[in-house]
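Bear in mind that the values here come from a model prediction, so they are computed numbers and not experimental data.
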Amino acid sequence: MDQFLITGRSRIAGEVTISGAKNAALPLLAAMILAETPTTLNNVPSLQDVRTLIKLIEGLGITIEKNGNVVTCDTSTIENYFAPYELVKTMRASILVLGPLLARFGEAEVSLPGGCAIGSRPVDQHLKAFEAMGADIKVENGYVIAKAPEGGRLIGCDFSFDMVTVGGTENVLIAATLAKGTTVLENCAREPEVVDLANMLVAMGAKIEGIGTSTLTIEGVESLKGCEYSVVADRIETGSYLAGALMTEGDVTAKNTDPSLLIPVLQKFEEMGAVVTTGDDWIRVQMTGRPKPVDIRTQPHPGFPTDMQAQLMAVCCLAEGTSTISENIFENRYMHVPELKRMGADIQVDGHTAIVRGVEAFNAAPVMATDPRASMSLVMAAAAAEGETLIDRIYHIDRGYENVEEKLRGLGVKIKRVNPVTDNAESEEANNG
């Protein structure tokens, strides 16, 4: 299993080109299933989750290919409407194929995401909405078996999500585009990735009003056509690299990005003492001295994004004072805390709140990544730390960040990917030779 070996005391500085957003690319790939003619999607990041979803779509018999950062898709060859556990278990976003299959073909059988108990995270909201649209939904042997009402077409309805859910909003929005009549969705997620999906659906011929608001009104159409579309820039990747500047008195310019997508994060950077300058498609963050402490509350968009909580916590660990972080989106989003504490951080967690007392420096230690965003918090901490840090289970970071080593090296981070099994085998072979 690959690991990162990072030699610390780096100053993170330079330019980095931002990739397309994974969290936008996945629903856009799923939405391609709706199109009766070929679709081309540009600026698609090369990530494990993207490869998994493409493989799943390919398993439906659909012709889909990725060349560089361009994906082309032709649904005319579809053979089945089945998404197996073997693929869905590795990625929760796989559930997003349920909506387009049900809406266009009238049936779908999709595994529940791995490790998901209905109700613990809002997959149940997807199913409630589809039932409100007339679908017959059964959950059997870990699979969602869905069938459209008689006539094979979903029926428009009024539906209010019990909670704000990005995946639920995306799945139901996709399905509603081909429903008979008008669908009004209330309490929708407003994240930029949801907006990106709605814009692509409109380019395919969908009729959607209220894009970017919590109420979406969708007038169903008979069919959708393919289009050419580009994935929005990854705001979380952008914020992650910029956060490195605050931890190392650095100077980072993120290119090919959109400052308007990151306003609550940039405001916190400025509160922490950074100088932030922006253009139409770039952001520069300059930092001198230790960060100032801040209070952070994660909230649905347009509030502070939960996907930036771990990275900002790492910055707060080096602040000159005490910061308070409240995680209000996911109950398990503090799994990086024990790892940061291994590196010398002073953090106390009480329920949804973390109290972070700043220390002067991180110290190198072996640590373990637990999710893509926690991974980046550990990478940035290691870059700032004294000594060499070994980070295990980095497959998590490969799920969320494209060309991460190349980009980090370009910013001055001394990082090396190692594999103790293969490296030892090669060493023994060389010695025996």
message = Can you confirm whether the side chains of Ser260 and Asp258 place a donor and an acceptor under 3.5 Å from each other?
response = yes
query = Under 3.5 Å, is there a donor-acceptor pair between the Thr298 and Glu327 side chains?
reply = yes
request  = Would you check if there is a donor-acceptor pair between the side chains of Gln125 and Asp162 at a distance under 3.5 Å?
outcome  = yes
inquiry  = For Phe362, does the six-membered ring have the charged nitrogen or CZ of Arg342 within the cation-pi criterion, i.e. under 6.0 angstrom from the centroid and within 45° of the normal?
reply    = no
task = Could you walk me through whether Tyr241 and Leu408 pass side-chain contact (heavy atoms from CB on, under 4.5 Å), step by step?
result = CA-CA 8 Å; Tyr241 288 122; Leu408 287 167; 3.7 Å; yes
key: Side-chain ion pair, Arg417 and Glu405, N-O less than 4.0 Å   = yes
key: Asn69 versus Glu402, side-chain donor and acceptor atoms under 3.5 Å   = yes
task = Just do the side-chain contact (heavy atoms from CB on, under 4.5 Å) check on Thr353 and Thr324 with the steps written out, would you?
result = CA-CA 7 Å; Thr353 302; Thr324 302; 3.7 Å; yes
query = Hey, is Arg235 close enough to Glu193 for a salt bridge, meaning N to O under 4.0 Å?
reply = yes
request  = May I ask you to say whether Asp371 pairs ionically with Arg393, meaning some side-chain N is under 4.0 Å from a carboxylate O?
outcome  = no
task = Flag the pair Arg409 and Glu406 as a salt bridge only when some basic side-chain nitrogen lies within less than 4.0 angstrom of an acidic carboxylate oxygen.
result = no
inquiry  = Can you tell me if Lys414 has over 12 outside heavy atoms packed within less than 6.0 Å of its NZ?
reply    = yes
ask   = Counting only heavy atoms not in Glu271, do more than 12 fall under 6.0 Å of its CD?
value = yes
message = Do the side chains of Lys255 and Asp281 get close enough for a salt bridge, i.e. N-O under 4.0 angstrom?
response = no
